[in-house]
Enquirer: 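Take this structure first; my questions come after.
Residue numbering restarts at 1 for every chain, and letters A, B, ... go by the order of the sequence lines.
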Amino acid sequence: MELIIKEQIAEILERAIQDAQRDGAIAAAQLPAARIEYPREERFGDYATPFAMESAKVLKKSPLDTGNILKPYIEKYECVGQVNVVKPGFINIFLSLEYLFSCLKTIHEEKDAYGRNVKRNPVRVNLEFVSANPTGPLNIVSARAAAIGDTLANLIEATGDIVDREFYVNDYGNQVFLLGLSVLHRYKELNGETVAFPEDGYHGEYVRDIAQYIKDNFSDEISRCSDEQELIDYMARRAVEYNVRGQKSDLERFNVNYRRWFSERTLHENGSVENTLAHLDSRATIYDEDGKKVFRSTAFGDDKDRVVVRDDGRPTYLLADIAYHKDKIDRGYGLIIDICCPDHHGYIARLSGAMKAMGFREERFRVLLAQQVNLVMEGELVKMSKRLGTFSTMSDLLDEIGVDVARYFFIMRSIDSHLDFDLALAKKQSSENPVFYLQYAHARICSIFREAEKRRIPYEPARAEMRFLDNPESIVLMKLLAKFPEEISDAATALEPHRITNYLLRLAQAYHRFYTEHRVLSDEEAQTATYMTLCDAVRIVLKNGLGLLGVSAPERM
RNA sequence: GCGCCCGUAGCUCAGCUGGAUAGAGCGUCGGACUUCGAAUCCGCAGGCCGCAGGUUCGACUCCUGCCGGGCGCGCCA
């Protein structure tokens, strides 16, 4: 059974047009594609097409006439209810009650799998997100990227593709050196030495923790370091280890699990960086300038060429990152998605330029920018800076408001918009949070089933009858349930996870409305069976939907 | 100066890739529990979609120019 209704309607429309042409009812001309869209208002219909208007010129017919000709051709299909042709020339299509009723059965059959598609030829997708420097704990922006990335991965998987979640660890270069230097300084302090703190060092309190951790566990190995340089390297390596472990556990707590943690260092050590340079060179995109190697990124849309090897022979960060992305290409992914932080957006042009230079098709590389998060605390803006050590960590946030609320809040806004995250509000008014609204709907349904059990009312979906569902509240609810797979598909292709939170909100709202209007457990057995079936379907979809968001669906609250 | 994101109800934001009379939550005000969970529901009020042009049957949506807010513009990562 085809799950995406919109695609079914599109097919029906195509066939209707062909049939009409075959019968000579409309001209056999080259026609524009029959687009399917959603009417602005529900009362107009479930789906609409502007086809009659768009083909007016070619057909030399008024849109209303075309619409009326097509109407019977569309109406003869089982899943189509009413078809209306209105004012400017829209053809509005309603789904039939029979069809909606049949969707309830589908939901009960598929249960946890409802909404999930199976593809014969799934695309392998690489989704890289968070990829914060291993120089400290994860902050709030990383938390947003984590929620968005993981949810997006869930959505793409639900459409039938295969997603590898990946975290790129920048465990190489100057920042790591500075980290080592800072830790060494704190380490010396622990041993009673006093020296000036490194200028660009990391001031955060956690650096002392790392120093203490190293002192507690690795004193022996430290005593074997022969000089300062070796000592710094050692500190850096242990500190990275410590931080990555911390980041990993923060993310796991947040329900985010990676397929792979990719170390930048390995690219330098196994020759990938050099190979990538040679590869780019072989494609004539590298030139020499003052002893440096420069990538001609302007040939691929960047506004400036970029140095990839310094005059002292050391590769830049960009070259390693290109090597990393070459590695992804070589692993055979059909789609590569990066979610990066707002302060990296100037970087996108040169990287996607490199992808083009390596012959990777443009539309198969997507970079999403997870916009900034302003943490607001009682009306005050909280500044976040790792360097200054004045940031609030992701783990602090989870302590404050919990995983469910945090994930939901980060996902509920479009990825493009800056997010004002009012911590005090999220915590204080938690009972009025949208996430609780959704969870409440779920718990409420579970409660009905507990009540039924108590009263020894059996659950008999087979006895459900369509006639009890012919009322506005049930119809709205069934339409939403039927559209779940379509919502997933739309959100996944647009790479916009926030659409699912909006959808679930509408579903919960429709359910609460249904609940106030209709008594589920009544003396009429067939009606009870019908409404229990409907409620169960809502419960399944809520649970599956919340699952995609990584938010729990409690049975009682 | 250049580039990216944003500007929609008092506040926070949707608006499904150009469609019909612009929506929701919170907040304000007014209603609804002897009955399956009132963490709920119903109703009222609230708008020149930043401004000005352009594209067309039709623009919150696309183009151009301004105004305002945020971020970036390293051979740091």
Side-chain angles (χ1 to χ4, degrees), chain A residues 6 35 37-41 44 48 50 53-54 56-57 63 86-90 92 131-135 170 172-178 200 264 290 292-294 303-304 306-312 314-321 341-349 369 371-372 374 412-422 425 429-434 436-437 439-441 443-452 454-455 457 486-487 490-491 493-494 496 498-499 501-503 505-506 508-509 511-522 528 531-532 535 556-557:
Chain A
K6 203 200 293 188
R35 294 186 299 123
E37 51 196 37
Y38 305 105
R40 181 169 286 282
E41 287 185 49
F44 293 141
M53 289 182 288
E54 289 174 347
K57 262 182 199 162
V86 296
K87 319 185 256 187
F90 287 105
N92 291 327
S131 296
N133 285 338
T135 51
N170 303 133
Y172 187 90
N174 195 42
Q175 303 287 358
V176 172
F177 170 79
L178 284 173
D200 298 321
E264 179 188 354
D290 307 330
K292 295 169 285 196
K293 300 277 186 197
V294 183
D303 49 13
K304 203 176 129 186
R306 306 291 170 173
V307 173
V308 287
V309 181
R310 303 173 177 93
D311 53 11
D312 62 5
R314 285 156 51 232
T316 62
Y317 175 80
L318 176 63
L319 184 56
D321 207 13
C341 292
D343 51 345
H344 279 65
H345 77 247
Y347 184 77
I348 296 171
L369 234 59
Q371 285 296 338
Q372 189 189 334
N374 291 322
M412 71 196 235
R413 299 303 178 210
S414 137
I415 186 168
D416 290 328
S417 65
H418 298 194
L419 181 67
D420 277 351
F421 201 118
D422 193 325
L425 199 80
Q429 300 197 330
S430 62
S431 63
E432 282 152 31
N433 253 316
F436 286 95
Y437 183 84
Q439 291 179 324
Y440 179 65
R444 214 178 197 187
I445 296 170
C446 294
S447 160
I448 291 173
F449 278 81
R450 282 194 298 270
E451 180 67 20
K454 208 161 67 185
R455 297 193 204 165
I457 298 172
E486 187 168 313
E487 293 283 347
D490 285 350
T493 37
E496 290 178 353
H498 75 277
R499 291 192 192 186
T501 60
N502 290 337
Y503 164 77
L505 232 36
R506 275 183 282 140
Q509 187 176 39
Y511 180 72
H512 287 310
R513 203 164 288 171
F514 164 84
Y515 179 89
T516 41
E517 291 298 321
H518 303 279
R519 172 148 285 268
V520 178
L521 306 176
S522 66
T528 300
Y531 285 162
M532 283 178 83
C535 286
R556 45 182 106 223
M557 307 170 58

Enquirer: Between Asn433(A) (CG) and rU12(B) (C1'), how many Å, whole number?
Expert: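 The answer, rounded to whole Å, is 12 Å.
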Enquirer: rC41(B), OP1 or OP2 - any side-chain N/O from Thr516(A) closer than 4.0 Å?
Expert: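 The answer is no; no side-chain N or O of Thr516(A) sits under 4.0 Å from OP1 or OP2.
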Enquirer: Taking the P atom in each of rC67(B) and rC60(B), what is the distance between them to the nearest angstrom?
Expert: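 My reading of the P atoms in rC67(B) and rC60(B) gives 23 Å.
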Enquirer: Below 30° counts as parallel, above 60° as perpendicular, anything between as tilted: where do the rings of His344(A) and Tyr347(A) land?
Expert: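 His344(A) vs Tyr347(A) ring planes: perpendicular.
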Enquirer: Please list each protein N or O that sits under 3.5 Å from an N or O in nucleotides 30-32 of chain B, with the distance.
Expert:
none

Enquirer: Within 45° of the six-membered ring axis of Tyr511(A) and under 6.0 Å from that ring's centre, is NZ or CZ of Arg444(A) located there?
Expert: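 No - Arg444(A) does not lie over the ring of Tyr511(A) by the 6.0 Å and 45° rule.
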Enquirer: Write down the distance separating the P atoms in rG15(B) and rU61(B), rounded off to the nearest Å.
Expert: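 Comparing P positions in rG15(B) and rU61(B) gives a spacing of 14 Å.
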Enquirer: OP1 or OP2 of rC41(B) sitting under 4.0 Å from any side-chain N/O of Tyr437(A)?
Expert: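 True: Tyr437(A) side-chain N/O within range (under 4.0 Å) of rC41(B) OP1/OP2.
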Enquirer: Using the C1' atom as the reference point in each nucleotide, state the distance between rC4(B) and rG18(B) in Å, no decimals.
Expert: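 It works out to 24 Å between them.
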Enquirer: If you define the side chain from C-beta out and look only at heavy atoms, does anything of Glu451(A) sit under 4.5 Å from Val520(A)?
Expert: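 They are not in side-chain contact.
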Enquirer: Taking the C1' atom in each of rG53(B) and rU17(B), what is the distance between them to the nearest angstrom?
Expert: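 It comes out at 24 Å once rounded to the nearest Å.
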Enquirer: For the P atoms, the ones on rC41(B) and on rC5(B), what distance do you get once it is rounded to whole angstrom?
Expert: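 Pairwise P distance, rC41(B) against rC5(B), rounds to 37 Å.
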Enquirer: Counting only side-chain nitrogens and oxygens, does Arg310(A) get under 4.0 Å of the OP1 or OP2 atom of rC76(B)?
Expert: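 For rC76(B), OP1 or OP2 has a side-chain N or O of Arg310(A) closer than 4.0 Å.
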Enquirer: Distance between the C1' atoms of rU55(B) and rG46(B), in whole angstroms?
Expert: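 Looking at atom C1' only, rU55(B) and rG46(B) are 34 Å apart.
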Enquirer: Can you tell me how far C1' in rA32(B) sits from the matching atom in rC44(B), rounded to whole Å?
Expert: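 Roughly 15 Å separates the two C1' atoms.
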Enquirer: Under the salt bridge (charged side-chain N to carboxylate O under 4.0 Å, His left out) rule, collect the residues that match up with Asp311(A), sequence neighbours excluded.
Expert: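 Result, salt bridge (charged side-chain N to carboxylate O under 4.0 Å, His left out) vs Asp311(A): none returned.
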Enquirer: When we call it a touch if two heavy atoms are under 4.0 Å apart, what does Gln439(A) touch: a base, just sugar-phosphate, or nothing?
Expert: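 If one applies the 4.0 Å heavy-atom cut-off, Gln439(A) turns out to touch nothing in the nucleic acid.
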Enquirer: So, does Thr528(A) use its side chain to make a donor-acceptor pair with the main chain of Leu521(A) at under 3.5 Å?
Expert: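 A pair under 3.5 Å: no.
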Enquirer: Between the protein and nucleotides 58-63 of chain B, which nitrogen or oxygen pairs are less than 3.5 angstrom apart?
Expert:
residue, atom, partner, partner atom, Å
rC60(B), N4, Arg40(A), NH2, 3.1

Enquirer: Between the protein and nucleotides 4-10 of chain B, which nitrogen or oxygen pairs are less than 3.5 angstrom apart?
Expert:
residue, atom, partner, partner atom, Å
rC5(B), O2', Asp416(A), O, 2.6

Enquirer: Can you tell me how far P of rC36(B) sits from CZ of Arg556(A), to the nearest Å?
Expert: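 Between P of rC36(B) and CZ of Arg556(A): 16 Å.
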Enquirer: If the cut-off is 4.0 Å, is Tyr515(A) near the phosphate of rA38(B), judged by side-chain N/O to OP1 or OP2?
Expert: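 The answer is yes; a side-chain N or O of Tyr515(A) sits under 4.0 Å from OP1 or OP2.
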Enquirer: Reading RNA chain B from 5' onward, which residue's closest nucleotide shows up sooner: Arg314(A) or Arg519(A)?
Expert: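 Result of the comparison: Arg519(A).
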Enquirer: What's the base orientation of rC33(B): syn (chi within 90° of 0) or anti?
Expert: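 Syn for rC33(B); the angle stays within 90° of 0.
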Enquirer: Taking the P atom of each, how far is rG7(B) from rG50(B), in whole Å?
Expert: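 Per the computed distance, 7 Å lies between those P atoms.
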Enquirer: Between the protein and nucleotides 42-47 of chain B, list every N/O to N/O distance that falls short of 3.5 Å.
Expert:
residue, atom, partner, partner atom, Å
rC42(B), OP1, Arg513(A), NE, 2.1
rC42(B), OP1, Arg513(A), NH2, 2.6

Enquirer: Look at all strands and tell whether Arg506(A) reaches a base, only sugar-phosphate, or nothing, counting heavy atoms closer than 4.0 Å.
Expert: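 The answer is nothing, as Arg506(A) stays clear of every strand by at least 4.0 Å.
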Enquirer: Determine if the base of rU17(B) is syn or anti; take syn to mean the glycosidic torsion is within 90° of 0.
Expert: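 Syn for rU17(B); the angle stays within 90° of 0.
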Enquirer: Under a cut-off of 3.5 Å for both distances of each Watson-Crick or G-U pair, what dot-bracket string does RNA chain B give, using [ ] for crossing pairs and | for inter-strand pairs?
Expert: (((((((..((((.....[...))))..((((.......))))......(((((..]....))))))))))))....
Enquirer: Let me know, please, whether Pro315(A) or Asp303(A) comes out on the 5' side of the other along RNA chain B by nearest nucleotide.
Expert: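 Looking at RNA chain B, the more 5' nearest nucleotide goes with Asp303(A).
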Enquirer: When we call it a touch if two heavy atoms are under 4.0 Å apart, what does Ala48(A) touch: a base, just sugar-phosphate, or nothing?
Expert: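 Ala48(A): base contact, heavy atoms under 4.0 Å.
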Enquirer: Just wondering, more than 12 heavy atoms not from Arg556(A) lying within 6.0 Å of its CZ?
Expert: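 Not buried by this count: 12 neighbours or fewer within 6.0 Å.
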Enquirer: Is His344(A) near enough to rG74(B) that one of its side-chain N or O atoms lies under 4.0 angstrom from OP1 or OP2?
Expert: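 His344(A) to rG74(B) OP1/OP2: no side-chain N or O under 4.0 Å.
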Enquirer: Hey, does Tyr172(A) reach any base, or is it just sugar-phosphate, or nothing, if we go heavy atoms under 4.0 Å?
Expert: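 Touches sugar-phosphate only.
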